[in-house]
There are 2 protein chains.
Amino acid sequence: MSNLPFSDPVISRARRIAERTSPSDCDPKVEALVNELIGRVADKWTMIILEVLAENGELRFTQLGRQVAGISQKMLTQTLRQMERDGMVTRTVHAVVPPRVDYRLTDLGASLGAAFCGVWIWAQDNLAGVEASRVAFDTKVG
Amino acid sequence: MSNLPFSDPVISRARRIAERTSPSDCDPKVEALVNELIGRVADKWTMIILEVLAENGELRFTQLGRQVAGISQKMLTQTLRQMERDGMVTRTVHAVVPPRVDYRLTDLGASLGAAFCGVWIWAQDNLAGVEASRVAFDTKVG
DNA sequence: CGGAATCCCTTCTGATACTG
DNA sequence: CAGTATCAGAAGGGATTCCG
């Protein structure tokens with residue numbers, strides 16, 4: 001398991017937050033583009049693949065599929081293509097039989113993983129709180 | 001526009017990253033639950049609403065709809081209900097005519113907003129890089 | 001092994017119309 | 001104003017089959 005550059009990038013990003021009024025406090029044309037990018041990147045499978053690759057460094061297609069519990073081969077392929085197109089992962093095809101394809105995060109992908117790291121931690125820390133809120137909401141409505 | 005607690009929570013969370021090998025380096029049962037929670041919370045509209053409410057403090061239904069460019073009234077209602085159920089927002093109904101309903105982030109919601117902040121900044125910083133990667137990919141595939 | 005292609009069902013999402 | 005209800009098209013996503 002590789003040692004990830006999670007702490008430094010996240011902390012430096014976090015520091016820069018203090019310089020801005022809000023995360024998207026910038027010109028409106030850019031804001032629309034940012035929203036679009038967020039929409040594509042804030043995807044369940046993208047986030048999970050990002051994390052698995054961040055943990056393991058480099059994985060083959062099937063290995064990746066096993067690590068990402070619950071994903072179908074179709075969605076794995078689809079998501080990986082999208083991530084490759086967006087510059088998040090590199091896809092290396094080895095000319096051997098049986099074929100071997102390795103996936104690895106690019107620097108861009110690793111930086112997104114680092115940015116998402118805060119959300120993972122949040123999810124772990126607040127699992128119980130969210131569940132409690134749901135129960136309360138459902139019994140009040142139910 | 002309220003002054004948000006973005007810097008402190010994000011930095012403290014980021015600091016805690018150094019204590020862990022990876023963001024989900026914990027027991028497998030919890031990991032599945034975390035994945036599920038991520039799947040629900042890593043949603044385009046949830047993220048954008050979270051950010052708009054973080055910036056504005058408290059908003060009425062229609063005001064919120066105007067701030068969230070491109071959302072339909074249906075998705076706005078749906079997403080807000082979900083967020084209310086998950087404990088992210090409070091929904092305050094004023095018994096007046098015409099009706100008035102205010103939405104505001106809870107502490108839980110604000111903390112998620114803080115966690116997402118790194119992703120927003122990432123998206124702003126890497127907009128050009130992603131776009132360039134897409135162009136390169138598309139011309140190569142062509 | 002690492003896909004691509006197809007089928008088929010479900011969910012998402014926007015538009016429109018209606019209500020307390 | 002702040003929704004609910006309904007409909008229809010688009011996209012998401014699983015299962016299966018086939019190929020280099």
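Checked by atom type and distance alone, the side chain of A/D43 pairs as donor or acceptor with a backbone atom of A/W45 at under 3.5 Å. A donor-acceptor contact shorter than 3.5 Å is absent between the side chain of A/T106 and the backbone of A/T90. The backbone N or O of B/R85 sits less than 3.5 Å from a side-chain atom of A/S133, completing a donor-acceptor pair.
The side chain of A/W45 sits closest to D/dG14 out of D/dG14, D/dG3, D/dG20.
A/V101 is not connected to A/V97 by any chain of hydrophobic side-chain contacts under 4.5 Å among Ile, Leu, Val, Met, Phe, Trp and Tyr, and they are in different clusters.
With sequence neighbours left out, A/E36 forms a side-chain hydrogen bond (donor to acceptor under 3.5 Å, both in side chains) with A/R40.
Only A/K74, A/M75, listed by number, bring a heavy atom of residues 74-87 of chain A to less than 4.0 angstrom from any atom of DNA chain D.
The CD1-P distance, from A/I48 to D/dG13, rounds to 11 Å in whole Å.
Two residues, B/D43 and A/D102, neighbour DNA chain C, and the one matched to the more 5' nucleotide by heavy-atom proximity is A/D102.
When heavy atoms are screened at a 4.0 angstrom cut-off, B/G70 is found touching the sugar-phosphate backbone but no base atom.
Mapping heavy-atom proximity under 4.0 Å, the span of DNA chain C touched by chain B runs 5' to 3' from C/dT13 to C/dG20.
Phosphate contact (OP1/OP2 of D/dC1, side-chain N/O of B/Y103, threshold under 4.0 Å): absent.
The side-chain hydrogen bond (donor to acceptor under 3.5 Å, both in side chains) test with B/Y103 singles out one residue from B/R91, B/Q63, B/E84, and that residue is B/R91.
Considering every non-hydrogen atom in both B/V130 and A/L108, the closest pair reads CG2-CD2, 4.0 Å.
Using a 4.0 Å cut-off between charged side-chain N and carboxylate O, A/R104 and A/D102 make no salt bridge.
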